[in-house]
Amino acid sequence: MSYPTTETLRDRAVAALERCGADPAAFGGGAAARSPITGAEVLPVGHASAADADAAIGRAEAAFRVWRTTPAPARGALVRRFGELLREHKSDLADLVTIEVGKSRSEAAGEVQEMIDVCEFAVGLSRQLYGRTMPSERPGHRLMETWHPLGVVGVVTAFNFPVAVWSWNTAVALVCGNTVVWKPSELAPLTALGCHALLARAAAEAGAPADVHQVVLGGAEVGGRLVDDSRVALLSATGSVRMGREVGPRVAARFGRSLLELGGNNAAVVTDSADLDLAVRGVVFAAAGTAGQRCTSLRRLIVHEDVADALVDRVVDAYSKLRIGDPFDDSTLVGPLIGPGAYEAMRGALRRAEEAGGTVLVGGGRRLAETAPGAYYAEPAVVRMPVQAEVVREETFAPILYVLTYSDFDEAVALHNAVPQGLSSSVFTRDQREAERFLAADGSDCGIVNVNIGTSGAEIGGAFGGEKETGGGRESGSDSWRAYMRRATNTVNFSEELPLAQGVSFL
Ligand code: NAD
C-alpha cells in the first residue's frame, strides 16, 4: 500500500484551496499548517496579531450595522448560496479536513455534509424566528416579544470538528442577523481558509456586506482577543474543559454571553436484554471511529455482568480487525491521532488504568512508526476496569474504551452519572422500562441521551451540547437559535387609558 508523502498532501491541499477560491500564496507566514498523516508541515499560514484581531472585530461590528436590519429571509439567501457552494466543493473541503485532522475520507465528507445540512436548516429558520404574543392582563394592551440580532459573534473552534461546529454557529448566527469573527483551531487553518473563501464568495453574490464574516488565525492568545473584547456580544467556544474554565469567567466578567461546548466522557449502558449485534456495531463506531477524537466518542462501557464477557469478546475481536492507517485509503477506519501529545496522553492513561487494576485487552500500540515517523497511529484500546477509577472519570482525547460491569440498573445509572462531564450517553436495551428510565429525570444527566444507538454522530436537527463541565451550551438545531438573539418584551397600549399592571394605582 502506497503511503502519502507530505508533498502529495501539499499539492492536494493547494489544489483544493484554489478551487475554493483561496490563494495559498497570499496566506503569509508566522505559523504553519501541518498534517497528522505524516506529522510534517504542509503549508505556511499567517498568524493574527492583536491589532489584526481588533481590526477584524471592528470590521464585523461595522458590517453588523447593515446586516442587522437586512430582512431575515434576505439573510437566509446568503446562507442558501453558501450551502450551494459547500455542495459544489464538498470533496475539496473533505480533502482539507482529512489532510489537517486525519479523519477518514468518509467521515471528512460527513463533516462537510453536516455543514450543508445546517445551512438548509438555517435558511428555513430565516423565515421562522418567531416571537410569542401573550394575553395582556390589561384591556387595550398587547404583550409580545421580538427577537433581535445580538451583534458580533466570536466563534472559537476545536481541531476535531474543524468546520462542522463553526458552521452550526455561523449559519445560524448569520440568519439571526449577527456578524461572525472565527478563530479556528490552530491545527486546522487551511480548512478554515477554504470555508472563509467560499463564504466571502457567497456574500459577494448574495449582496451581503463583505465583512459579514472574518477569520483570525492563531492560538489561545488570538482567541483571547475575542474573549475579552466587549464588542463581541456572544462568544461561542468549543474545546477542552481547561479552555472553558479560562474563557467562561472572563466573558462573564464583562457581562458578555458565552456558549460553551466542552469535553465529554460519554458512556453506553448495555443491559442484559440488549441486541448484542446492534450494541457491538454501535460501540465500535462510537469508541474507535475518528480515532476516539470526537467530543461524543464513547469512552465508558457499562455492561450488565451477565453479558459482559460475550460483549467484550466481540468488541475486542472487532478492534483487532480495524484497518488503521492512511485516511485517504477507502478501506481505512482509523486514521492518525492529531499529534504526539495525544499519543503520550493515551499511553499515560493506559498506564494509570493498569495501576488502578485495569487490564488492557487489546490495543494501545503504535502503528506505522517506520513508514511515517512523525505521525502517531494508535491502536484503539479496550481496558477492563474493576472500578470507575480517577483516570476513567477524565476525558483522554484518544481511542480508549474502559469497560465496567454492573448488576442492577440503578447502579448502572449511578456509575454513568458519576463523572464531571455531561455530553452524550446511550443505553442498549430491549426493555422499554429501562429505556424510559434512562431517558427520565433521574436517568442520564447528559445533554444527549440515546437509545439503541451509540453516543456519537448526532444529527443537526436537534440541539447539541451537554451539562456539567461540558459547559451547558446548545448549538445547531431545535431552538438553539435563541442563544444568538436578544429578546425584547413589548407592551403596546392601544387604549385611551393607562391601567397599571398588578392593579397598582398611582396618580
Ligand atoms: P482546546 O481546548 O485545546 O482548543 C480549542 C480551541 O480553543 C482552539 O481554537 C484554541 O486555540 C482555543 N483556546 C484554547 N485556550 C484558549 C483561551 N484561553 N482563550 C481563547 N481560546 C483558547 O481543544 P482541542 O484540543 O482543539 O479540542 C479537543 C477538545 O474539544 C476535547 O476536549 C473535546 O471534547 C472538545 N470538543 C467539544 C465539543 C462539544 O461540542 N462539546 C466539540 C468538539 C470538541
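Both ligands and their constituent atoms are indexed starting at 1 by order of listing.
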message: Apply side-chain contact (heavy atoms from CB on, under 4.5 Å) to residues I400 and R299 and explain how you reach the verdict.
response: CA-CA 6 Å; I400 304 178; R299 311 206 178 278; over 6 Å; no
Smallest separation among heavy atoms of Q388 and R300, with atom names: OE1-NH1, 2.9 Å
task: Could you label the plane-to-plane angle of the W481 and W147 rings as parallel, tilted or perpendicular, counting under 30° as parallel and over 60° as perpendicular?
output: perpendicular
- prompt: Using the ring of each side chain (for Trp, its six-membered ring), is H213 parallel, tilted or perpendicular to H196, with breaks at 30° and 60°?
  reply: tilted
- prompt: How are the rings of W168 and F464 set to each other: parallel, tilted or perpendicular (split at 30° and 60°)?
  reply: tilted
Ligand 1: protein N/O within less than 3.5 Å of ligand N/O:
unit_1   : atom_1 : unit_2 : atom_2 : d
ligand 1 : 2 (O)  : S240   : N      : 2.9
ligand 1 : 2 (O)  : S240   : OG     : 2.6
ligand 1 : 9 (O)  : T157   : O      : 2.8
ligand 1 : 9 (O)  : K183   : NZ     : 2.8
ligand 1 : 11 (O) : K183   : NZ     : 2.7
ligand 1 : 11 (O) : E186   : OE1    : 2.7
ligand 1 : 11 (O) : E186   : OE2    : 3.3
ligand 1 : 18 (N) : E246   : OE1    : 2.5
ligand 1 : 26 (O) : F159   : N      : 3.1
ligand 1 : 30 (O) : G239   : O      : 3.3
ligand 1 : 32 (O) : E395   : OE1    : 2.6
ligand 1 : 34 (O) : E395   : OE2    : 2.6
ligand 1 : 40 (O) : E261   : OE1    : 3.4
ligand 1 : 41 (N) : L262   : N      : 3.4
ligand 1 : 41 (N) : L262   : O      : 2.8

field: W166/F159 aromatic ring centres below 6.0 Å
entry: no
